[in-house]
Structure formats: C-alpha cells, structure tokens
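A quick write-up on the structure given underneath.
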Amino acid sequence: MPKQTKESKTAEMANGKEQSPPIFENIEENLNQIQSKLGNSPDLIIRYYESLDHANYAAAVYINGLIDMERVEDYITHALSFDSLQEKAESAATALERFSFAKGKALSIGKEKIVEDQNSLLEGLLSGDTMILFQGLTKAISVSTSGGEGRAVTEATTQVNIRGPKDSFTESLSTNLSLVRKRIKNPNLWIETLTIGAVTKTDVSIVHIHGLANEAMLQEFRKKLSEIHVDSILESGYIEQLIEENKYSPFPTIFNTERPDSVAGNLLEGRIALFVDGTPFVLITPATFFMFFHTVEDYYQRYDVSSLIRLLRFMCLIVSLFGPAIFVAALNFHQEMIPTPLLINLASQREGVPFPVVIEVLLLEVTFEIIREAGIRMPSPIGQTVSIIGGLVLGQAAVQAGIVSPAMVIVVSLTGISSFATPAFNMALSIRLLRFVITFVSAYMGLYGIAIVGLILIAHLCSLRSLGVPYMSPVAPFAAGDQKDIFLRAPLHFMKIRRRLLNPKSSVPGTTTQIRKDNPHEN
C-alpha cells in the first residue's frame with residue numbers, strides 16, 4: 001500500500017474522508033448510525049424488505065422531500081423485487097450475488113453507484129439519492145432519485161424582454177442545465193460538476209463548449225473554485241465574491257443572468273458558465289464592461305433598432321453617473337455656462353431653500369433610494385403604491401414646503417430613471433454608489449473634480465481583468481475588428497468572426513463561424 005504524503009492526508013482531512021468509517025455488515029448498525037448522525041430526523045424514511053425465503057434482508061433509505069417519489073417506487077420495485085429474486089435463488093444464493101442481481105436491476109432506473117463508507121452514504125442521502133443496504137454486506141447501492149417539489153419554469157423577473165423566449169432558470173440545477181442543452185444540441189457542450197461548501201455541500205457545474213472556451217481560462221477558473229474553502233454556498237453571489245479578481249473595485253467583473261438564451265449566447269462566444277444548485281442566477285466569465293449594457297434582445301431585433309437602443313443606454317449611463325454632479329458644479333462654480341434666463345429661473349426657484357445645492361441633491365437622492373428600496377422589498381401591489389406616493393406626493397410636498405427646488409426634483413428623477421436603463425442590476429448598483437462620490441467631489445472642485453474622477457475611473461476600468469481578459473476590451477486594448485458589437489450592432493451577416501480577446505483555441509467542427517486571422521493565440 002503506498003505511503004500517504006502529508007499533503008494527501010491534509011486533503012483527505014479537508015474532504016472528510018480520513019474519518020469516514022466503513023459500512024457495517026450488520027444492517028441495523030448502519031441504520032442506527034444514519035439515524036444518529038441525522039438526529040433521528042422525521043424526514044428520514046427507512047423501508048425494510050425481506051425475501052420470501054427469508055434469506056435476504058434489505059432496507060431502502062431516503063430523505064422525504066429531496067427525492068422524486070415516483071422514481072423511488074420504480075427503483076425499489078425493480079431493485080428489490082424479491083419475488084423474482086427468489087425465482088433466481090439458485091443462481092443468486094449468497095448475499096453478494098443477490099447484491100449484484102439488485103444492482104443490475106437498478107441500472108434500468110438511472111444513474112447508480114456503489115458506496116462503501118458512511119460519509120458517502122450520508123452525502124448521497126442528503127443529495128436526494130436512495131440507498132439500498134443489504135444484511136451482511138459492507139457496501140450499498142446508491143441511485144440518483146433527487147427531485148421533489150420545485151418551482152416551475154417561468155418568465156424572468158430581473159431581465160424582462162419584449163421579444164424572445166420567456167423561460168428563465170429555476171432553483172433546480174438539473175432543470176437549468178437542461179434549458180441550455182435544449183438550445184445547444186452539440187456534444188461539445190461539456191459539463192463538469194463539483195461540490196463546494198464544507199457544510200452545505202452545494203453542487204456547482206462548470207459549463208463550456210469544448211473547443212471554443214480557452215483551456216488556460218478553464219484551468220484558471222477551476223483553480224479559483226478549488227481554492228474556495230467556506231462552510232456554505234447559498235447563492236451564486238457567494239462564489240462571485242470569492243473568485244473575483246478585483247475585490248475592492250466597485251465594478252462587477254463577473255456577469256450573472258437568469259436567462260438561458262443569454263447563457264447559450266455567451267457559451268457560443270467562448271465564455272464559461274457556472275451553475276449553482278439552489279439559485280436561478282448563473283455566473284458567466286470572463287466578463288467585459290460592455291457586456292453589462294447589452295441584452296440578448298439586441299440580437300432578436302434589426303441592427304438599426306438595436307444600435308439606437310444601445311446608444312440610448314450608454315447616454316443614460318452618463319446621465320445617471322454625472323447628472324447631479326454636473327448640475328451641482330454648474331450652480332456652484334460655473335454659472336457662466338448657464339444661459340442667463342435659465343440661471344435667473346433656477347435662482348428664483350432656489351429662493352427660500354435653506355440648504356446648499358449639494359445638500360439638496362443628497363436629500364433627494366437618499367429619499368429616492370429609500371423609496372426604491374422600500375418598493376422592491378414590499379409585495380408588488382403595495383410596492384407600486386409606495387412608489388407613486390413617494391414619487392409624486394412626497395416630491396410635490398417637498399417643493400411646496402421649500403425644502404428642495406423643482407429643478408432639483410427634475411434632475412434627480414431623470415437620473416434615477418436613467419439608472420433603470422442599465423440592463424445588469426449589479427452594474428446599476430455600482431453606478432448608484434459612484435454617483436454619490438462624484439457629486440461630493442463636484443461640490444468642492446466643480447467640473448475639474450468631475451474630470452479628475454472621470455479620468456481615475458477610466459484608468460481603473462482599463463486596469464481591471466476578468467479571468468485574464470481586459471475589462472474594457474475591445475476598446476482598451478483597441479481591436480478594430482471587434483467593434484461591430486460594442487456601441488453599435490452590425491448586421492448579423494457581418495458578425496461571423498469570434499472576438500479576438502477571448503482567445504478561442506479552435507472552432508467547433510461543422511460551424512461556419514471562424515476565428516479572426518490576427519489572433520495571436522491561435523494555433
């Protein structure tokens with residue numbers, strides 16, 4: 001037997017394998033062990049079976065609520081049909097032969113495996129598997145029967161579109177994977193599953209298209225996942241925060257979506273998707289800044305309409321980021337930039353307002369954020385009512401009370417509405433955060449401060465990487481051939497070449513899409 005190294009022992013301890021006792025020959029001892037470790041939980045179901053000749057004694061064990069009851073009944077009926085087993089008693093006289101006989105029958109149900117230690121037994125149970133234990137054997141049959149109650153596939157709630165498929169991911173990992181499989185019917189769609197979380201044992205799946213995803217990126221992504229050592233993974237946001245390269249940057253460097261067509265589109269561009277069991281949000285990497293302002297609907301409409309809408313989104317980005325700051329700077333430092341009639345009008349509106357302009361902005365911005373947060377957290381009908389009351393009644397009352405000026409209400413409202421034009425919610429949150437910082441700077445330094453902050457932001461964005469890919473690509477570094485799908489969207493028949501900066505290693509056989517010839521990483 002090979003001698004274990006210190007590293008292998010440490011790895012086994014981390015995985016909990018070193019302390020895992022084997023399965024006992026006495027079936028009652030095994031069942032007592034399971035009940036004891038699960039705290040005699042009432043959802044642990046044990047069903048005993050005995051052959052007609054009283055020569056075999058077995059038990060089926062599963063956890064109610066984690067299993068598909070119909071599959072369990074089929075499995076048990078097939079694997080433990082001792083009536084037919086008795087007919088083959090002569091050929092399956094020993095316990096091992098009867099075990100092999102039952103295992104062969106279990107194959108007709110679905111995925112099955114043999115477990116030989118207590119930890120694997122428990123992990124299988126907690127994953128929704130059904131275990132068959134036999135008296136006198138130190139191993140058990142495990143069949144995947146996970147299922148139970150789950151949410152139906154419905155329309156996406158955070159990424160709504162007018163034209164396009166209406167399905168979205170659910171909390172079921174297998175359902176989510178099947179939604180992508182239905183769209184990419186290609187054997188090169190490869191799925192790797194692993195478990196993360198010492199306590200929660202959450203299943204996650206790495207999905208990519210073999211041949212399109214860059215192998216170096218895949219290795220780096222696997223390495224990042226393997227370095228996660230936490231107790232729990234309750235949502236994909238945990239993993240997103242643990243593997244992002246720039247932890248102190250306000251900008252998200254990993255894209256998330258709940259739309260299967262969005263995942264399929266990104267996989268076809270050579271990206272990698274990460275599915276996490278129990279959440280409808282799928283992570284996509286590498287991500288670039290411009291991804292957060294594109295939607296899958298852009299490709300379902302004509303190029304001219306899509307291009308116009310994209311330009312509108314980028315204009316809304318500028319308004320939502322710099323709108324209040326420019327207003328504050330113009331009123332405090334650069335009145336000469338405002339036409340005289342408008343300046344007189346603004347001054348007359350602010351007559352009687354007791355606060356400086358920047359305090360006025362912050363009062364309205366904070367009020368707007370409170371109304372928005374309250375509207376999100378409340379039930380839908382009440383949330384809409386709160387938004388109406390907050391937006392109309394409270395705003396009008398604040399103006400009449402002389403707390404804020406009407407022009408300021410217009411600026412903050414326009415800024416808030418512009419922020420909703422950003423398709424990615426996490427990017428919209430980052431812009432909201434930065435808007436406060438830029439407004440503070442503009443109150444002390446005017447347009448010079450805005451210019452300085454803008455330059456710092458551009459430099460910061462250019463320094464970011466997502467799985468090694470420049471965050472601002474293909475604008476910085478500039479790739480002329482990749483500009484067809486950034487600010488504008490070219491007609492589809494001009495978009496048959498994959499992006500250079502994603503470094504696809506090869507094309508999928510049978511496809512017409514090609515790799516750019518100037519790709520320095522192309523073999």
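- Glu269 is not listed as a side-chain neighbour of Ile284, based on a closest heavy-atom distance of 4.5 Å or more.
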Pair Asp485-Arg310, salt bridge (Lys or Arg N to Asp or Glu O under 4.0 Å): steps then yes or no = CA-CA 10 Å; Asp485 191 23; Arg310 275 191 187 179; 2.8 Å; yes
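- Under the 3.5 Å distance criterion, the side-chain polar atoms of Ser146 are left unmatched by any main-chain donor or acceptor of Gly128.
- Side chains of Asn186 and Asn188: a donor-acceptor N/O pair is present below 3.5 angstrom, by distance only.
- Ring geometry for His210 against His208 counts as perpendicular: the plane angle is over 60°, on a 0 to 90° scale with 30° as the lower cut.
- A heavy-atom distance below 4.5 Å is found between the side chains of Arg432 and Arg372.
- With sequence neighbours excluded, the residues that form a side chain to side chain contact (heavy atoms under 4.5 Å, CB included) with Glu28 are Asn26, Leu31, Tyr48, Tyr57.
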request  = Give the intermediate values and the outcome of side-chain contact (heavy atoms from CB on, under 4.5 Å) for residues Thr193 and Ile191.
outcome  = CA-CA 7 Å; Thr193 300; Ile191 300 172; 4.1 Å; yes
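- Under the side chain to side chain contact (heavy atoms under 4.5 Å, CB included) criterion, Asp231 pairs with Ala198, Val199, not counting sequence neighbours.
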task = Determine, stepwise, if the pair Glu220 / Glu245 fulfils side-chain contact (heavy atoms from CB on, under 4.5 Å).
result = CA-CA 11 Å; Glu220 178 66 20; Glu245 296 176 26; 5.7 Å; no
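- Within the structure, ring pair (Phe, Tyr, Trp, His ring centres under 6.0 Å) contacts touching residues 248-288 (residues at least two apart or in different chains) are Phe169-Phe275, Phe255-Phe292.
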ask   = Going through the checks in order, is the side-chain contact (heavy atoms from CB on, under 4.5 Å) test met by Leu38 and Ile63?
value = CA-CA 10 Å; Leu38 294 179; Ile63 295 180; 4.2 Å; yes
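- With sequence neighbours left out, the ring pair (Phe, Tyr, Trp, His ring centres under 6.0 Å) criterion links Phe290 to Phe487.
- From Thr195, atom OG1 reaches atom CG of Leu225 across 12.0 Å, with rounding to the nearest 0.5 Å.
- Using modelled atom types, one finds no donor on one side chain facing an acceptor on the other under 3.5 Å when comparing Ser172 with Thr170.
- In this structure, the side chains of Glu29 and Gln33 stay at 4.5 Å or more apart for every pair of heavy atoms.
- Remark: Glu171 engages Arg151, Pro280 in a side chain to side chain contact (heavy atoms under 4.5 Å, CB included) (not counting sequence neighbours).
- Counting heavy atoms from C-beta on, the side chains of Phe289 and Cys462 never come closer than 4.5 Å.
- Residues Gln159 and Thr295 have side chains that never bring a donor and an acceptor to within less than 3.5 angstrom of each other.
- A 4.5 Å side-chain heavy-atom check between Thr422 and Phe293 finds at least one atom pair inside the cut-off.
- Counting only heavy atoms from C-beta outward, the side chains of Leu433 and Leu429 never approach each other to under 4.5 Å.
- Using a cutoff of 4.0 Å between basic side-chain nitrogens and carboxylate oxygens, Asp167 and Lys182 are not scored as salt-bridged.
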task = Please lay out, stage by stage, how Lys224 and Glu227 fare under the test salt bridge (Lys or Arg N to Asp or Glu O under 4.0 Å).
result = CA-CA 5 Å; Lys224 285 177 176 289; Glu227 291 173 350; over 6 Å; no
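- Taking the side chain as every heavy atom from C-beta outward, Arg183 and Asp261 approach each other to under 4.5 Å.
- Qualifying side chain to side chain contact (heavy atoms under 4.5 Å, CB included) partners for Ile45, counting only residues two or more places apart in sequence or in other chains: Arg47, Tyr62, Asn64.
- With no hydrogens or angles considered, a side-chain donor-acceptor pair links Ser41 and Asp43 at under 3.5 Å.
- Looking only at side-chain heavy atoms (C-beta outward), Lys37 and Asn119 come within less than 4.5 Å of each other.
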